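Some notes on the structure that comes next.
The structure presented is a predicted model; accordingly, all values stated were derived computationally and were not measured. These values consider heavy atoms only, across backbone and side chains, with no hydrogens, waters or symmetry-generated copies.
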Amino acid sequence: MARASCNDGIALGVKSFHVNFTATITGLGLLRKCILLLQNIEDLELHLVKLSPSSWIHVLRHVRFKKLQFFSSNCPHDVLAPFLSAASAMRSLQLLVGCGSRQCHLKGRALPLLTDVTAGNACITSVVDNNPVERVAIVDVGICDNLAFPFTIKSLSASTSTITTLHIDFDPDDRDILRQLHEVAPELTALKLVERQRPASGRFVRRRRPWNDASTWSIDLSRFSHLHRFLLRTAAALVDEDDGESKEKELLSVWTAKSARLDYITLWYLADSAADILRLWRHSFARGWTVLAHASSPSWDQFL
């Protein structure tokens, strides 16, 4: 960073720049000096820990990147709004903080090439609406009051975009999750469901998951006529551990009995326990469901 801030030639050749640290006053000054020189940047990640809004304003004031295509940040949205005004080439946007219960400061922001968005419930519609977004990830950005699944559905239902890929965090009590998602995103080709962790209560609570009724779950999956990839992560035990692979295959055969196009399914269950399992399955007419990959104690980069 120091070399780039002192050499225009180096800075103009930089296409990708990733910053993730707790900034000091000296560091912020150097960072601002550096990013002002990055006029050809296409991929930018700015994760600045515990930075005040006034410091964010100092870092990004009058910074405009006309070639920026991929951006990820925990910057407050009121600071981000003018920064994005010149980002007409933006294709992928990850917003790792939200606006709480207030209206999102990015509402109405036009990004004509934007196809991929990651954001919290409170802001997702403001970013997606009126932009050609196809892939959406709705994640926990720390605004607990707005994480309820009904709020998510309300947000998506207001969108004018045709969403084809969706990653969403859900609660185990969201019984009709597939049916509700189909109402707002019927053209999905890929769906990733990540069960939200519940705080430990000190006692065992057996929850009824939406797939416990396998027949209804199968019908709801079949509603997505274009869906070819499905991923599920849960703390529950989907099958008994003994002979788990064959029982998973039986389970998938039931789940997909009415789904014509579903070709890939990834199951990650007993998540966050010492016994967690991840398997990637593929379907073919000749062999039915077969395992493509298997991992014990998997990592998030395997959940793709």
Side-chain angles (χ1 to χ4, degrees), residues 1-87 89-100 102 104-106 109 111 114 116-124 127 135 137-144 146-147 167 169 194 196-197 272 298-304:
M1 188 165 71
R3 290 181 63 195
S5 64
C6 298
N7 188 312
D8 290 4
I10 292 176
L12 291 175
V14 174
K15 302 293 185 181
S16 182
F17 189 61
H18 299 260
V19 178
N20 191 337
F21 71 107
T22 302
T24 62
I25 293 177
T26 303
L28 286 178
L30 183 60
L31 175 62
R32 173 168 171 78
K33 185 178 179 181
C34 182
I35 64 176
L36 282 171
L37 297 174
L38 302 179
Q39 295 304 306
N40 294 323
I41 196 76
E42 297 176 358
D43 179 1
L44 177 62
E45 178 181 342
L46 284 181
H47 296 170
L48 304 180
V49 181
K50 297 180 180 179
L51 199 65
S52 67
S54 60
S55 294
W56 272 110
I57 291 173
H58 169 70
V59 171
L60 292 180
R61 180 167 46 89
H62 302 315
V63 174
R64 303 292 184 267
F65 295 131
K66 295 183 179 180
K67 297 181 180 180
L68 189 62
Q69 298 180 32
F70 308 95
F71 182 64
S72 175
S73 183
N74 60 337
C75 177
H77 295 185
D78 55 338
V79 180
L80 200 56
F83 170 78
L84 291 177
S85 63
M90 185 73 69
R91 297 178 182 275
S92 178
L93 185 61
Q94 291 187 342
L95 305 173
L96 304 182
V97 295
C99 296
R102 301 164 296 168
C104 181
H105 293 281
L106 300 179
R109 186 67 52 188
L111 297 168
L114 186 67
D116 193 333
V117 174
T118 297
N121 276 313
C123 301
I124 193 68
V127 183
R135 295 178 294 278
I138 304 174
V139 296
D140 183 346
V141 293
I143 311 166
C144 297
N146 286 333
L147 286 178
H167 164 187
D169 295 351
V194 176
R196 192 174 299 120
Q197 289 181 287
D272 302 313
S299 58
W300 280 100
D301 60 1
Q302 294 172 292
F303 191 52
L304 299 173

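L44 contributes atom CG, which lies 8.5 Å from atom CE of M90 (distance to the nearest 0.5 angstrom). To the nearest 0.5 angstrom, N121 atom CG is 12.0 Å from C104 atom SG. Annotation: the span from H47 atom NE2 to N20 atom CG amounts to 6.5 Å, rounded to 0.5 Å. Distance CG/L28 to CH2/W56: 9.0 Å, rounded to 0.5 Å. S92 contributes atom OG, which lies 7.5 Å from atom CG of L114 (distance to the nearest 0.5 angstrom). K15 NZ to L68 CG: the interatomic distance, rounded to the nearest 0.5 Å, is 12.0 Å.
Not a single side-chain hydrogen bond (donor to acceptor under 3.5 Å, both in side chains) links D78 to another residue, sequence neighbours left out. Judged as a salt bridge (Lys or Arg N to Asp or Glu O under 4.0 Å), and not counting sequence neighbours, D301 has no contacts.
Side-chain atoms of S73 come within 3.5 Å of backbone N or O of L46 as a donor-acceptor pair. Here the side chain of N40 pairs a donor or acceptor atom with the backbone of L12 at under 3.5 angstrom. Here the side chain of H77 pairs a donor or acceptor atom with the backbone of V97 at under 3.5 angstrom. Looking only at distances, no side-chain donor or acceptor of R91 sits under 3.5 Å from a matching main-chain atom of Q69.
Closest approach of L111 to L84, counting heavy atoms only: CD2-O, 3.9 Å. Residue L96 comes nearest to S72 through the heavy atom pair CD1-OG, 3.9 Å, listed as atom of the first residue, atom of the second, then distance. Nearest heavy-atom pair, Q39 versus K67, reported as atom, atom and distance to 0.1 Å: O-CD, 4.3 Å.
Inter-residue side-chain proximity for L80 and H105 is flagged as unmet; no heavy-atom pair is nearer than 4.5 Å. Under the 4.5 Å side-chain criterion, counting only non-hydrogen atoms from C-beta, L31 is in contact with L48. Considering only heavy atoms from C-beta on, F17 stays 4.5 Å or farther from D43 through its side chain.
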Which donor-acceptor pairs under 3.5 Å do side chains of residues 58-66 form with protein atoms, sequence neighbours excluded?
{"from": "R64", "atom 1": "NE", "to": "P82", "atom 2": "O", "distance (Å)": "3.3"}

